[in-house]
Amino acid sequence: MVTSGFIHLPSSITSLINMYSRCNQMEEAVLVFRDPYHERNVFAYNAIIAGFVANGLAADGFQFYKRMRSVGVMPDKFTFPCVVRACCEFMEVRKIHGCLFKMGLELNVFVGSALVNTYLKVDGTEDAEKVFEELPERDVVLWNAMINGYTKIGHLNKAVVVFKRMGEEGISLSRFTTTSILSILTSMGDINNGRAIHGIVTKMGYSSCVAVSNALIDMYGKCKHTEDALMIFEMINEKDLFSWNSIISAHEQCDDHDGTLRLFGKMLGSRVLPDVITITAVLPACSHLAALMHGREIHGYMIVNGLGKNENGDDVLLNNAIMDMYAKCGCMKNADIIFDLMRNKDVASWNIMIMGYAMHGYGTEALDMFHRMCEAQIKPDVVTFVGVLSACSHAGFVHQGRSFLTRMELEFGVIPTIEHYTCIIDMLGRAGHLGEAYDLAQRIPLEDNLILWMALLGACRLHGNAELGNVVGEKITQLEPKHCGSGSYILMSSLYGVVGRYEEALEVRRTMKEQNVKKTPGCSWIELKDGLYVFSMGDRTHHELNALINCLCGFGYFHDEVMHSF
DNA sequence: TTAGGGTTAG
């Protein structure tokens, strides 16, 4: 570097190329490289190749390597690690590997790590293993390359074997090793070894590294230990996008939807901006809580920041998540607009629409969507038929429902699961075909399922059939004798009440008391400007409760049981 | 003067 008054300017062509590369200005870097007053020696070639590879333009980097060879500039041990990384086909790496042998560079550990990395990427596992075993000196980067390479191609067990061997050979772990192994243990759901790595990380002083903390948050989150995840998150000084996304996902994966939205709000107040991953993690929370206002805000954020598009056109996953949010919140109009605007749709996009219409009782629209899906040559899957059958159930399309149950296997090759049978039982039961529903429930060629029998018990209550209700209730007790939830007791007691058998209704309540079965209180919620309020039966905690009750009564907002409690 | 490795969704 030379000092020119008050700024420092790079003094050589390589320094200039490096500077432009680091600023992602490859066009400028090429201009410097082509400057006729400078010699294009091995240093200059190494710098330009490294620049392209580092900026994700491997093919361009490879072209410069070819030019280098054609003009007779000899590559050296600094050229090859980049060139090897730039290869994207097996035969290309093989060819370069051949050159390395000719030049006596095949045992260089830097080149070796790049070879291991690339061979594993291009389906050359055996070659990667051979390179690894034959290297006389194996440093921590090389071990990490092997572990990561195996992980990326899904060979998690092999990655763990390498990690164990690393310990046996006395290689000290780097922070890179710990993040990788944590990610592997997370995929395997191995919380015990994960905790052990957490201990090692703390001992080695890696806790201050944000990437290591993020990997720990992800592990604890995915293993449903949200409190541990939160503790690590709070300890990070400079939280980055990974930190926020990991902690938000951790809460959503544990169905803590309130927590998800609370953290998202905090994130908006930080200097880190949400991205597509944040949005896809937060939207299901809005769907579950029917928090339409938050969902709309997120949709707005997505539009303003152009997040709905990626290099392939529409970001299908994100658009599906937005559509699902609107559908679950009952806004089928908005879901439909997004659906129509999406140029790329997948089977999930169709399923979301069918499910949404079915959930809100629009049976005709759901089936119409199904027919459009078939016309568009999209193959329906297991989820599609849950939507279709649930549409038939909610709309009372008994004849069509029966027909779909047969057709789904014969015509579309989708074998009915317990969810499909539950829809059919529910449909027959609601429509009053209790005998047929019971016969079918007994004949189902799958393991007995509590929800299915509960659906039938619900139908018995609806139609006041205490005789069949008794039989079904007995079946439910057999299925879950000890852990019988409160739901079936409540249904049974309510059923006796409906048919005027009050003594038996009281008897069921007495049994519940004896067995200490508690009823989960009925609850409802309402979204106001300052947040989401959940009301349980008998709950009088909200500070503007009376005003709220007056306001909401007119809209029929509350669940019956909550209304009775006021 | 220059080189190789890590964490988040679905």
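What you see below is based on every heavy atom in this structure, not just the backbone, and it leaves out hydrogens, waters and symmetry mates. Numbered from 1 within each chain, the chains take letters A, B, ... in sequence-line order.
Look at A/Arg85 and you won't find any side-chain N or O under 4.0 angstrom from OP1 or OP2 of B/dA3. Side-chain N/O atoms of A/Lys152 include one lying less than 4.0 angstrom from OP1 or OP2 on B/dG6.
One interatomic measurement links the two molecules: CD1 of A/Ile279 to P of B/dT8, which rounds to 19 Å at whole-angstrom precision. When rounded to the nearest whole Å, the span between CZ of A/Phe43 and P of B/dA3 equals 12 Å. What separates CG of A/Asp139 from P of B/dG4 is a distance of 13 Å, to the nearest Å. Between the P atom of B/dT7 and the CD1 atom of A/Ile248 lies a distance of 20 Å, rounded to the nearest Å. Computed from coordinates, the A/Leu318 CG to B/dA9 P distance equals 15 Å when rounded to whole Å. The distance between atom CG of A/Leu135 and atom C1' of B/dG4, rounded to the nearest whole Å, is 11 Å. Per the geometry, CD1 belonging to A/Ile247 stands 15 Å off P belonging to B/dT8, to the nearest Å. Between A/Arg138 atom CZ and B/dG5 atom P the separation is 19 Å, expressed in whole Å.
For A/Asn108 against B/dG4, no side-chain N or O and base N or O form a donor-acceptor pair under 3.5 Å. Applying the 3.5 Å distance criterion, the base of B/dG6 shares a donor-acceptor pair with the side chain of A/Thr179.
Taking the 5.5 Å centre cut-off and the 30° plane limit, the aromatic side chain of A/Phe110 is classed as stacked on B/dA3.
The backbone N or O of A/Glu252 lies less than 3.5 Å from a partner atom in the side chain of A/Thr260, making a donor-acceptor pair. Within the 3.5 Å criterion, the main-chain N or O of A/Phe242 finds a donor-acceptor partner in the side chain of A/Asp240.
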Ignoring hydrogens and angles, write down the donor-acceptor pairs under 3.5 Å from the side chains of residues 20-32 of chain A, residues two or more places apart or on other chains.
residue	atom	partner	partner atom	Å
A/Ser21	OG	A/Ile17	O	2.8

Quiz: residues 64-71 of chain A side-chain donor-acceptor pairs under 3.5 angstrom, not counting sequence neighbours:
residue	atom	partner	partner atom	Å
A/Tyr65	OH	A/Arg69	NH1	2.9
A/Ser70	OG	A/Arg67	O	2.8

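With A/Asn144 as the partner, the side chain to side chain donor-acceptor pair (under 3.5 Å) test is satisfied by one option alone out of A/Asp139, A/Thr177, A/Asn117: A/Thr177.
Contacts of A/Asn46 with the nucleic acid, taken as non-hydrogen atoms under 4.0 Å apart, include base atoms. When heavy atoms are screened at a 4.0 angstrom cut-off, A/Thr280 is found touching base atoms of the nucleic acid.
For A/Phe242, whose side chain is taken as the heavy atoms from C-beta onward, the closest listed nucleotide among B/dG6, B/dT8, B/dT1 is B/dT8. Which of B/dT2, B/dG4, B/dT8 sits closest to the side chain of A/Val109 comes down to B/dG4. Among the nucleotides B/dG4, B/dT2, B/dG5, the one closest to the side chain of A/Val140 is B/dG5. Side-chain atoms of A/Phe176 lie closest to B/dG6 of the nucleotides B/dT2, B/dG4, B/dG6. Of the candidates B/dT2, B/dT7, B/dG5, B/dG5 carries the atom nearest the A/Asn117 side chain, counting heavy atoms from C-beta on. Minimum atom distance to the side chain of A/Ser249 is reached by B/dA9, of the listed B/dG5, B/dA3, B/dA9.
Counting only residues at least two apart or in different chains, ring pair (Phe, Tyr, Trp, His ring centres under 6.0 Å) contacts with residues 194-237 of chain A comprise A/His198-A/Tyr220, A/Phe233-A/Trp244.
A/Asp381 and A/Thr384 share a side-chain donor-acceptor pair at under 3.5 Å.
Sorted by residue number, the members of residues 209-223 of chain A with any non-hydrogen atom under 4.0 Å from DNA chain B read A/Cys209, A/Ala211, A/Val212, A/Asn214, A/Asp218, A/Lys222. For DNA chain B, the neighbouring residues in residues 153-175 of chain A, judged by any heavy atom under 4.0 Å, are A/Ser174, A/Arg175.
Distance check: A/His299 NE2 to A/Tyr326 OH gives 5.0 Å after rounding to the nearest 0.5 Å.
The side-chain heavy atoms of A/Val111 and A/Phe78, taken from C-beta on, include no pair separated by under 4.5 Å.
Figure legend: cation-pi geometry between A/Arg40 and A/Tyr45 absent, as NZ or CZ is not positioned both under 6.0 Å from the six-membered ring centre and within 45° of its axis.
With sequence neighbours left out, A/Lys345 forms a side chain to side chain donor-acceptor pair (under 3.5 Å) with no residue at all.
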